[in-house]
Amino acid sequence: MDGCEAVSLGAIHAGCTFFAGYPITPASSILRRMMEMLPAAGGVAVQGEDEIASIGFCIGAAMTGAKAMTATSGPGMSLYSENIGLAIMGEVPLVIVNVQRMGPATGGATTTAEGDVQFCRWVTSGGYPLVVYAATNVADAYRLTIEAFNTAERLRTPVILLSSKDLAMTCETADTAEFVRPARVTRTSGDGVPYAFRESTDVPGFLAVGGDRLTRFTGSIHDGRGVITSDRKKIDRKLTHLRDKIESRADELAIVREDLQEGAETVVIAYGAAARAAREAVRDARRDGKRVSLLVLYTLWPTPVAAIRRALGGAKRVVVPELNTGQYLCEIERFAAGRELVPVQRIDGGLLTPAALEAAL
Amino acid sequence: MNLIDPEELPYPFCPGCSHELIFKSLAAAFEKSGLDARRVVVVSDIGCHGIADRMLRTHTFHGLHGRSLTYAAGIKLANPSLKVVVLIGDGGCGIGGAHLVNAARRNAGICAVVFNNFNFGMTGGQHSVTTPCGGRTATTPKGNAERGLDLCRLADACGANFVARTTAFDPALVDVLADGIAHDGFAFLDIWGLCTAYYMKRNDLRKAELVDTAKNMPGYGVLRRESQPEWAASQPKGSAPEPRLDANEIPVLFRAELKEPLRVVLAGSAGMKVRTAASLLASAAILSGLRAAQKDTFPVTVTKGFSLSELIVSPEPIEDLEIVLPDCLVISSEDGLDKTKALVPLARRVVAKRGLDVTRDDATLVDLPGVRPAELTLAMTAPLLRDAIPAEAMRESVLRFGHVEERERLLAAVGNPAAAEGVTRRTT
Ligand SMILES: Cc1ncc(C[n+]2csc(CCOP(=O)(O)OP(=O)(O)O)c2C)c(N)n1
Ligand code: SF4
Ligand SMILES: [Mg+2]
């Protein structure tokens with residue numbers, strides 16, 4: 001199984017009913033598979049005229065009640081940006097898969113890189129949060145696709161799943177019997193106005209466009225009825241809500257794997273393809289008698305603060321392997337005062353190897 | 001149904017703005033159509049026409065500038081029973097031109113009503129794609145040097161099933177709108193009007209001239225009326241059961257003796273079935289209880305040039321996908337050699353087709369005269385993995401996953417005695 005197949009199966013198992021995408025290496029085979037599998041299973045899958053149309057189709061479909069997904073890579077992600085803002089503002093449940101390749105621009109279509117970590121966090125104008133997951137292998141890609149759908153449904157938000165070229169285009173043995181398949185979550189229907197919430201952390205009940213109760217969808221700043229507003233109080237309330245809805249759930253949204261050792265002075269914090277090298281390097285270091293902790297992050301945003309704090313514990317050195325120039329390092333730095341930060345980075349298109357990490361352990 | 005909520009009146013537009021006339025006619029057309037408001041979605045674009053969205057008593061959807069047709073298409077695809085109407089400006093038709101072309105080409109079941117006032121009203125009267133040549137706007141103060149786009153001809157050329165051009169002043173506007181709304185496929189209505197705040201002020205354009213110019217266009221009124229299948233309704237729909245995770249499960253039927261990961265690079269040319277060779281060997285490894293990972297690299301021109309497969313087989317889960325020092329490097333063509341030159345000195349073992357200029361004294365050179373290029377890489381690689389993967393597993397892999405018509409040749413390749421001998425003999 002490759003990473004694209006894992007995502008496609010995860011999507012269908014999560015209850016995805018709508019897919020639209022535009023071909024781009026290394027994400028194309030998600031489009032191909034979804035067009036093969038989804039209509040056969042009763043859903044809709046189409047190729048848009050471009051990425052803007054593809055995500056636009058998804059947003060429209062999602063607002064009728066469909067569970068929608070799109071998939072792309074860096075150049076397409078850039079074109080999604082404005083519509084991701086729309087999905088944040090309009091509170092649209094939507095899954096976006098970004099199979100990273102080397103950027104900027106056309107970069108390297110089949111070249112490894114995981115450089116979209118901050119881009120995905122800050123992808124919208126205005127700077128409001130969304131949820132970003134990152135997979136390390138096919139099993140994660142499957143599970144996290146389902147988690148992404150569930151979170152999108154639960155919080156009415158776009159969720160980005162980060163994959164990367166090596167994960168997408170490497171065919172690996174998959175122990176499918178051991179895959180985690182989270183139970184499906186479906187959005188809660190509303191019975192009032194389209195954007196009603198009491199506490200700013202609440203998620204408005206969903207009213208389907210085309211449903212029995214007339215509803216309004218808008219990307220303009222709006223009140224609870226979905227009507228554009230210039231009332232400062234209402235503006236503040238809505239935008240605070242967009243932040244709180246996500247940020248207040250940082251712990252609940254944190255998917256991590258903590259492999260911590262008592263008394264370890266070195267901790268490795270890793271995600272994505274770089275976490276694979278980290279797992280092996282830590283295993284080897286322990287075989288050599290070293291005490292090393294490992295934290296693998298599957299949720300990148302909102303930052304899994306509690307897990308990071310736990311992992312940092314009594315450690316003196318924090319090793320952060322990344323296939324970029326340190327995009328998560330700066331996030332970890334916020335919590336790592338007094339500790340030595342050891343970045344291990346590679347940006348030449350190759351993967352980090354366990355050997356490259358060993359020296360740092 | 002009453003499209004406009006009386007509580008929201010008056011209209012927000014500048015005095016004399018044609019948008020108001022079009023909305024009034026739209027309201028009458030909806031009334032005439034007898035549609036159930038709950039089954040109607042009005043998707044408005046960004047522009048002055050879009051600010052009236054709050055007045056509408058249907059489902060409303062107000063997205064991004066120029067993208068209204070995409071949301072409308074998604075809504076219709078997901079729920080084809082809905083009547084989906086788009087309100088868009090000439091500005092939106094410009095920035096979203098690709099969506100207009102494609103909605104028309106696909107015959108998406110959308111009625112698009114264009115509030116064409118030849119400029120961007122909302123942002124201060126800048127020129128748009130429909131500003132006529134010579135037209136003065138904020139951004140063409142000396143007159144537009146570009147030509148104006150005839151949106152109707154565009155929509156028609158792209159296959160819109162219903163195309164109409166008229167003006168906000170047309171007494172028949174209500175009927176034209178009602179016809180467009182009733183149409184099943186893509187209906188495109190180019191409705192000309194006046195922006196009293198900007199375009200009208202800067203140009204000598206009055207109602208009478210606007211109407212005259214429209215009537216003198218190569219087409220006026222309903223230009224096309226056809227009914228072809230609508231896009232959403234023509235989507236394939238199956239009811240197959242959900243695909244299973246283990247649909248491609250490979251059982252473990254054999255036992256391998258491998259203790260350490262084995263990293264093999266297969267380097268050949270397009271057409272030599274390098275990827276197939278790696279995949280058959282990977283499956284053989286899995287049939288023997290091992291893990292496998294395969295990464296293929298090839299140029300964009302897939303049927304020309306090199307073809308490289310990196311294959312890792314291991315008794316343990318494979319984390320490290322980067323082959324820095326291959327255990328075996330198998331080179332079956334000149335292209336493959338070119339691509340892997342840097343690996344030649346690094347590989348533990350190099351097996352190459354005889355005749356290739358491999359710069360390593362201890363390379364094994366094999367010559368397999370009877371083997372076609374399509375099976376050569378497999379024949380050269382299989383013996384190298386014999387210690388790791390049982391021969392029966394390789395045969396089983398071919399029987400299960402090899403192309404029916406190629407099975408015999410593939411079986412011969414995995415069990416080729418000359419290859420086995422050649423590879424083991426380590427000729428220099
Ligand atoms: C991506 C983007 N670029 C620019 C704008 C600014 N903008 C708002 S409306 C508009 C043009 C509106 O013109 P038109 O569609 O003709 O509508 P009108 O106001 O004339 O009715 C522009 C450029 C925007 N909202 N979004
Ligand atoms: S600016 Fe022009 S288009 Fe906008 S409301 Fe005024 S007259 Fe109408
Ligand atoms: Mg205009």
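Chain letters run A, B, ... following the sequence lines, proteins first and then strands; every chain starts at 1.
With chain A as the partner, the residue from B:Ala73, B:Ala232, B:Pro243 showing the most heavy-atom pairs under 4.5 Å is B:Pro243. Chain B forms more heavy-atom pairs under 4.5 Å with one residue of A:Ala41, A:Gly219, A:Ala66, A:Gly210 than with any other, namely A:Gly210. Heavy-atom pairs under 4.5 Å with chain A peak, among B:Lys295, B:His99, B:Arg105, B:Arg244, at B:His99. With respect to chain A, the highest number of heavy-atom pairs below 4.5 Å among B:Glu316, B:Glu310, B:Arg39, B:Gln235 belongs to B:Arg39.
Counting all heavy atoms, side chain and backbone alike, B:Glu242 lies closest to A:Arg181 at OE2-NH2, 3.0 Å. In terms of heavy-atom proximity, A:Val209 sits nearest to B:Leu82 at O-CD1, 4.1 Å.
Within the 4.5 angstrom heavy-atom criterion, only side-chain atoms of B:Arg67, from C-beta onward, approach chain A. Contacts of B:Thr58 with chain A are made by backbone atoms alone, with heavy-atom separations under 4.5 Å and no side-chain atom involved.
The distance from the CG atom of A:Asp50 to the CG atom of B:Asn102 is 8.0 Å, given to the nearest 0.5 Å. Atoms CD and CG, on A:Glu82 and B:Leu64 in that order, are 4.0 Å from each other to the nearest 0.5 Å. Here the OG1 atom belonging to A:Thr110 is positioned 11.5 Å from the CG atom belonging to B:Asp296, to the nearest 0.5 angstrom. From B:Asp53, atom CG reaches atom CZ of A:Phe217 across 11.0 Å, with rounding to the nearest 0.5 Å.
When the heavy atoms of residues 33-40 of chain A are compared with those of chain B, the residues falling under 4.5 Å are A:Met37, A:Pro39, A:Ala40, listed by number. For a heavy-atom cut-off of 4.5 Å, chain B lies close to A:Met169, A:Thr170, A:Cys171, A:Glu172, A:Thr173, A:Asp175, A:Thr176 in residues 168-177 of chain A.
Annotation: side chain to side chain donor-acceptor pair (under 3.5 Å) contacts involving residues 218-228 of chain A, sequence neighbours excluded, comprise A:His222-A:Lys238, A:Asp223-A:Arg225.
Considering only residues two or more places apart in sequence or on other chains, B:Glu322 meets the salt bridge (charged side-chain N to carboxylate O under 4.0 Å, His left out) condition with A:Arg346.
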